[in-house]
Amino acid sequence: MADYHEPWEHLSPQARDLHRALTSLKEEIEAVDWYNQRVELATDPELKQVLAHNRDEEIEHACMTLEWLRRNMGKWDETLRTYLFNDSPITEAEAREKAGEADVPARPLGIGSLKDRKDG
């Protein structure tokens, strides 16, 4: 339990799972960096493609973990909504949010029910 900063046995199961997710996110981000460096320096085109594929898989894993955190750890949802998926300068997002001027997503996700959709 060396990577815990508080006594493991005193942490709730939820806190332990949050720690697992946060640790996994750090590891996935680190793996993205490692693969990206390898892609940058690989001289064989096929190896470069394989490494880029592996890097992109790690990005997917990081995003999945981030979504779990958004759903399970307070403040993530609100903060991600402030900073992600808008075209405002990143450093101005918090001020715009507080002023009630938050951007709507720049790219709508296009998710919705197809149940009532009428095709031709």
Side-chain angles (χ1 to χ4, degrees):
M1 310 302 165
D3 60 340
Y4 284 90
H5 296 284
E6 298 295 332
W8 179 85
E9 62 276 4
H10 295 290
L11 296 173
S12 69
Q14 180 186 15
R16 292 177 192 176
D17 279 344
L18 289 169
H19 175 76
R20 290 178 183 108
L22 291 165
T23 299
S24 292
L25 182 59
K26 290 186 288 188
E27 292 167 352
E28 298 297 348
I29 296 295
E30 185 174 53
V32 169
D33 181 36
W34 291 349
Y35 278 117
N36 199 59
Q37 291 177 46
R38 293 170 186 155
V39 169
E40 182 77 20
L41 296 180
T43 57
D44 181 275
E46 189 172 24
L47 176 60
K48 189 179 279 273
Q49 286 182 323
V50 169
L51 295 173
H53 172 83
N54 292 349
R55 177 203 56 212
D56 295 347
E57 288 288 321
E58 300 300 342
I59 291 171
E60 179 182 321
H61 301 161
C63 289
M64 292 168 64
T65 305
L66 188 59
E67 175 60 13
W68 186 90
L69 285 164
R70 185 192 68 79
R71 294 178 186 189
N72 290 280
M73 186 177 191
K75 195 65 175 172
W76 279 99
D77 183 66
E78 175 188 341
T79 305
L80 290 171
R81 289 177 190 274
T82 297
Y83 290 97
L84 298 183
F85 305 110
N86 68 69
D87 294 327
S88 295
I90 296 167
T91 57
E92 296 175 13
E94 185 176 17
R96 290 178 55 81
E97 172 84 12
K98 288 181 180 176
E101 303 170 5
D103 284 351
V104 293
R107 293 178 304 275
L109 297 176
I111 298 172
S113 174
L114 297 176
K115 187 163 97 175
D116 298 323
R117 183 176 165 188
K118 296 179 178 154
D119 292 321

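As a basis for the values below, the full set of heavy atoms in this structure was taken, side chains included, without hydrogen atoms, waters or symmetry mates.
- Membership of the apolar cluster around V32 extends to I59, as traced through chained side-chain contacts below 4.5 Å between ILVMFWY residues.
- Residues satisfying the side chain to side chain contact (heavy atoms under 4.5 Å, CB included) criterion with E30, sequence neighbours excluded, are W34.
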Donor-acceptor pairs under 3.5 Å, side chain of residues 49-58 to any protein atom, not counting sequence neighbours: which ones?
from: R55; atom 1: NH1; to: N36; atom 2: OD1; distance (Å): 3.0
from: E58; atom 1: OE1; to: H61; atom 2: ND1; distance (Å): 3.4

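- When the side chain to side chain contact (heavy atoms under 4.5 Å, CB included) test is applied to L80, the partners found at least two apart in sequence or on another chain are L66, R70, W76, L84.
- Taking the side chain to side chain contact (heavy atoms under 4.5 Å, CB included) definition, one finds that S12 meets it with Q14, A15, sequence neighbours left out.
- Within a 6.0 Å radius of CD in E94, other residues, nucleotides and ligands contribute 12 heavy atoms or fewer.
- Applying the salt bridge (Lys or Arg N to Asp or Glu O under 4.0 Å) rule to pairs touching residues 8-28 yields D17-R20, sequence neighbours excluded.
- Ion pairing between K75 and E78 holds under the 4.0 Å rule for side-chain N and carboxylate O.
- Taking the side chain as every heavy atom from C-beta outward, L25 and I29 approach each other to under 4.5 Å.
- With rounding to the nearest 0.5 Å, the separation of CH2 in W68 from CG in L22 is 8.0 Å.
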If you look only at distance, which donor and acceptor atoms sit under 3.5 Å apart when one is on a side chain in residues 38-47 and the other is two or more places apart or in another chain?
from: D44; atom 1: OD1; to: E46; atom 2: N; distance (Å): 3.0
from: D44; atom 1: OD1; to: L47; atom 2: N; distance (Å): 2.9

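- Summarising the geometry of I90 relative to Y83, their closest heavy-atom pair is O-CE2, 3.7 Å, with the distance given to 0.1 Å.
- Under the 4.5 Å side-chain heavy-atom criterion for Ile, Leu, Val, Met, Phe, Trp and Tyr, F85 and L69 are members of the same hydrophobic cluster.
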